[in-house]
Amino acid sequence: MTYIEEVFQKLERENSNEKEFLQAAKEILFSLQPVIDKHPEYQKAGLLERFVEPERIITFRVPWVDDNGKVQVNKGYRVQFNSAIGPYKGGLRFHPTVNLSILKFLGLEQILKNSLTTLPIGGGKGGSNFDPKGKSDAEVMRFCQSFMTELCRHIGQDVDVPAGDIGVGGREIGYLFGQYKRLRDEFTAGVLTGKALTYGGSLGRKEATGYGLLFFTKEMLIHNGRSIEGNIAVVSGSGNVAIYATEMATQMGIKVVAMSDSNGYIYDENGVNLDVIKDIKEVKRGRIKEYVEKVPTAKYYEGCKGIWTIKCDIAFPCATQNEIDEESAEILVKNGCFAVCEGANMPSTLEAIEVYRKNKILFAPAKAANAGGVATSALEMTQNSLRLSWSREEVIEKLHEIMIAIHKNCADACARYGIAYDLVFGANIAGFEKVADAMMAQGIV
Ligand code: NDP
Ligand code: 2IT
């Protein structure tokens, strides 16, 4: 049995009920064979066993009172996965499906993603099974205050820096920051990222994941002799990542014809009107089906999976994990789709990725393609430490350079190990090398 097989078997034995975590770990571990072959010393140092085990997991009770005066209790978590190259860094997810398996998969991915950004940030993730949907602002505030009352002992600008993810945007970060400041009696802007501009947020952070996804996609297409302009695209989701991916895609000359939420999807053959989507989603916190009331020529369909049956050149899954399975991947291929670029984390199942490989689909894996969000979070931390703010142009320019560098580092990693251009290998290897090196230098910790 190889070292990697041994490590994965142990992981399966010890975490048999953590399906998503095992899926992410499997993809990563089995990409690393060339690195392990080059560094036999890693086995003696138990490097992979340490790499897949979080440094610390905090779980806690989050009690709060709803608008009817009823006491509610949610589960709160923070997975502090790896601090070899910097303080733990990663988002908070508030969604009813949140559990330890999901947060461990997200945390593990985050380690390599953050390493790829070229910036000094370790990997972490957290969240709660709290569902912000349908809650009043006052309820969301009371929940966030209770969540932070426990979390505040475990985070800090040089310790662990949370941000947003599904269900956590500017509103939630504001409430969390307010409570942190109150409990600590200090204004430390760098303890959270994704803040509003008035209290230490960075211009461009809101747009960063979606814009970065398109900058990365453009690099991948250029590398493969394709042009970005003139393509038809499908974007799943209609949250932060989906909206700004659509915005930059449209600016680059792509026509986005479909978007979705967890209830269904809209198809607009003229190209989606993003102002309408922003009004429904960002301003009114409504449902995507309201789009057809404003744009009667568009169509609404119930269910999420059908969005992948729409004919497109490029698919941008920007909603959630495992949204493209083998069947959907095959339909995309059959309809002539030539590229899949992941804005969400792990939106493609392992079987879907095999379909892409077999059919030579250009595939931009999440940890490389959506790293622009956390990269810009790190730029926000830098501005907070310097006590200044960069212009929007400066931030977007830095983001653009980072996405170009990530693509190049992934492609170069393949070349260095004699592997054909495959960004799954490239991203896992390039991300891992830096973390592994730092872990080796720091001894058995
Ligand atoms: P948002 O909460 O802003 O939006 C999430 C979108 O995905 C909504 O349209 C939501 O629909 C849909 N969605 C959520 N869960 C499901 C589900 N189980 N099935 C179908 N649709 C679902 O989150 P973000 O846009 O921030 O995050 C989207 C993805 O991008 C996630 O995978 C996240 O981890 C990843 N990501 C986010 C980054 C960021 O900076 N925000 C950075 C990098 C990656 P509905 O409104 O119906 O729930
Ligand atoms: O998945 C992700 O990279 C994020 N949700 C962003 C994390 C961050 O710290 O900005």
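Both ligands and their constituent atoms are indexed starting at 1 by order of listing. Keep in mind the model is a prediction, meaning the values are calculated, not measured.
- Assignment of K125 to the shell around ligand 2 is supported, since a heavy atom sits closer than 4.0 Å.
- Using modelled atom types, one finds a donor on one side chain and an acceptor on the other under 3.5 Å when comparing N428 with K367.
- Looking from atom 10 (O) of ligand 2 to the surrounding protein, the closest heavy atom is S377 OG, 2.6 Å.
- Interface atoms of ligand 1 facing S238, defined by a heavy-atom separation under 4.0 Å, are 9 (O).
- W308 and N335 are not linked by any side-chain donor-acceptor pair at a separation below 3.5 angstrom, with hydrogens and angles left out of the test.
- Heavy-atom proximity to R205, at under 4.0 Å, picks out these atoms of ligand 1: 40 (O).
- Remark: ligand 2 atoms within the under-4.0 Å shell around heavy atoms of G164 are 4 (C), 5 (N), 6 (C).
- Nearest protein heavy-atom neighbour of atom 3 (O) of ligand 2: K113 NZ, 2.8 Å.
- By the 30° and 60° cut-offs, the orientation of the rings of Y421 relative to H407 is tilted.
- Residue S262 has at least one N or O atom closer than 3.5 Å to an N or O atom of ligand 1.
- The contact set between ligand 1 and H95, taken as ligand atoms under 4.0 Å from a residue heavy atom, comprises 15 (N).
- Those atoms of ligand 1 with a heavy atom of G343 less than 4.0 angstrom away are 30 (O), 35 (C), 36 (N), 44 (C).
- Summary of contacts: the protein heavy atom closest to atom 6 (C) of ligand 2 is R205 NH2, 3.6 Å.
- Using a 4.0 Å cut-off between charged side-chain N and carboxylate O, D67 and R142 make a salt bridge.
- Under the 3.5 Å distance criterion, the side-chain polar atoms of Q80 are left unmatched by any main-chain donor or acceptor of I58.
- Residue N263 has no N or O atom closer than 3.5 Å to an N or O atom of ligand 1.
- Checked against a 3.5 angstrom limit, the closest N/O atoms of N370 and ligand 1 fall outside it.
- Backbone and side-chain nitrogen or oxygen atoms of K113 are examined, and none is located within less than 3.5 angstrom of a nitrogen or oxygen of ligand 1.
- In the vicinity of A344, heavy-atom distances shorter than 4.0 Å reach the ligand 1 atoms 29 (C), 30 (O), 32 (O), 35 (C).
- The shortest contact between atom 39 (C) of ligand 1 and any protein heavy atom is with T209 OG1, 3.5 Å.
- Remark: ligand 1 and D261 share no N or O pair separated by less than 3.5 Å (distance only, no angle test).
- Which parts of ligand 2 touch A163 is read off a 4.0 Å heavy-atom cut-off, strictly below it: atoms 8 (C), 9 (O), 10 (O).
- The heavy-atom pair separating I243 from L274 by the smallest distance is O-CD2, 3.5 Å.
- Put simply, no part of R93 is less than 4.0 Å from ligand 2, judged by heavy atoms.
- Closest heavy-atom approach to atom 30 (O) of ligand 1 within the set T193, T97, D165, V241: this belongs to V241.
- At a 3.5 angstrom cut-off on N or O pairs, A242 does not count as close to ligand 1.
- The nearest non-hydrogen atom to atom 7 (O) of ligand 1, considering only A319, G164, G303, G91, comes from A319.
- Which parts of ligand 1 touch R287 is read off a 4.0 Å heavy-atom cut-off, strictly below it: atoms 45 (P), 46 (O), 47 (O).
- Tested against F316, the residues T217, V241, V234 include a single side-chain contact (heavy atoms from CB on, under 4.5 Å) partner, T217.
- Counting the atoms of ligand 1 from 1 in the order shown, those under 4.0 Å from a heavy atom of G237 are 9 (O).
- The single protein non-hydrogen atom nearest to atom 9 (O) of ligand 2 is K89 NZ, 2.7 Å, given as residue, atom name and distance.
- Looking at I288, T320, D131 and measuring to atom 18 (N) of ligand 1, the nearest heavy atom belongs to T320.
- Looking only at heavy atoms of the protein, atom 7 (C) of ligand 2 is closest to G91 N, 3.5 Å.
- Close approach of ligand 1 to R93 (heavy-atom distance below 4.0 Å) involves ligand atoms 31 (C), 32 (O), 33 (C), 34 (O).
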